[in-house]
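Read through the structure below, which is laid out as structure tokens, and then see the notes.
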Amino acid sequence: MSDRPGSNALTRDSVAAWLTSFAASVRSVEPELTALDQQAGDGDFGANLATGMDGVRRALDALTAVPRSDGDGPAAPLAAAARVFLDDVGGTSGPLFGLLFQELADALYDASPALPATAALATGTAAGVAAIQRVGEADVGDKTMVDALVPAAKALAECPPTADPAAALHLAAVAAHRGALSTSGLRARRGRASYTGDHSRGVPDPGALAVALLFASANEEVTVLDRLPER
């Protein structure tokens, strides 16, 4: 994670690089996410996520063009991503990803200089889980992004607060990927996929895979879903 989280610190540039990598990953795997959603949902998840991340890239470009201020730290790119997803991205999952980005931004913004970056990431991810569950009323086992996000939050919480953020985010990606794969045998109980009944069995939830993709992209662009980290 050369210009991404490392050395127990996060900067505006490292977080922007993470989101830029996520946008590239989403563009690469969008056909796979679309194919999965066509089997288990209404087929628009991949396109909505890709469109949203295209908007995030434009927002990051605009952010780069603005002179920096004292308050313009690592939270700024995540706050920009949150605005894009909350205001402009449709579908069921768009606002939910917006909530996750917002809670991560708030945690980094509120963190004191003495709070290590990994601790702030753990706080923000846990708050994102709570916000998404409050709005979506989903729990682990309902075949949603929560199945990946809850184990990711747990993995971050179990990291030493002073751990390298790159290593912590890798562990979150592994946990999220395992959670996403666990949704394959489930019958969806929330979201659009719940309308398809048993047709969603045998297909991992694309939203859960996208959560794993987000954390994995902190360390490298993921070009195919099979390259999501497993250990």
Least distance between heavy atoms, [X] atom then [Y] atom:
X	Y	result
Pro77	Arg12	CG-O, 3.5 Å
Leu86	Pro95	CD2-O, 3.5 Å
Leu156	Ala172	CG-CB, 3.9 Å
Ala166	Asn219	O-ND2, 3.1 Å
Val222	Ser25	N-OG, 2.8 Å
Asp37	Asp44	OD2-N, 3.0 Å

Is the backbone N or O of [Y] less than 3.5 Å from a side-chain atom of [X], with the two atoms forming a donor-acceptor pair by type?
X	Y	result
His177	Pro229	yes
Thr183	Lys143	no
Thr34	Glu30	yes
Asp147	Val140	no
Thr118	Ala163	yes
Ser184	Leu181	yes
His170	Phe215	no
Ser217	Leu213	yes

Taking a hydrophobic cluster as the set of Ile, Leu, Val, Met, Phe, Trp and Tyr residues connected by side-chain heavy atoms closer than 4.5 Å, whether directly or through intermediates, do [X] and [Y] fall within one such cluster?
X	Y	value
Val84	Val135	yes
Trp18	Leu171	no
Val174	Leu225	no
Val150	Leu96	yes
Val89	Leu49	yes

Return the [atom1] to [atom2] distance between [X] and [Y], rounded to the nearest 0.5 Å.
X	Y	atom1	atom2	value
Arg57	Leu19	CZ	CG	11.0 Å
Leu228	Arg178	CG	CZ	12.5 Å
Leu121	Leu108	CG	CG	5.5 Å
Ser28	Leu33	OG	CG	10.5 Å
Ile132	Thr144	CD1	OG1	8.5 Å
Gln133	Leu149	CD	CG	8.0 Å

Is any side-chain heavy atom of Leu214 less than 4.5 Å from a side-chain heavy atom of Leu100?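 Leu214 vs Leu100: side chains touch.
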
Evaluate side-chain contact (heavy atoms from CB on, under 4.5 Å) for Phe97 paired with Met145, printing each intermediate quantity in order. CA-CA 9 Å; Phe97 272 93; Met145 65 188 296; 3.8 Å; yes

I would like to know whether Val29 and Leu209 meet side-chain contact (heavy atoms from CB on, under 4.5 Å); could you show each step before the answer? CA-CA 10 Å; Val29 306; Leu209 286 170; over 6 Å; no

Let's go through Phe45 and Asp205 carefully: what are the C-alpha distance in whole Å and the side-chain angles of both, what is the deciding distance for side-chain contact (heavy atoms from CB on, under 4.5 Å) to 0.1 Å, and is it a yes or a no? CA-CA 10 Å; Phe45 174 75; Asp205 180 69; over 6 Å; no

Do Asp106 and Thr123 pass the side-chain contact (heavy atoms from CB on, under 4.5 Å) test, and can you show the C-alpha distance, the side-chain angles, and the key distance before you say yes or no? CA-CA 9 Å; Asp106 288 348; Thr123 297; over 6 Å; no

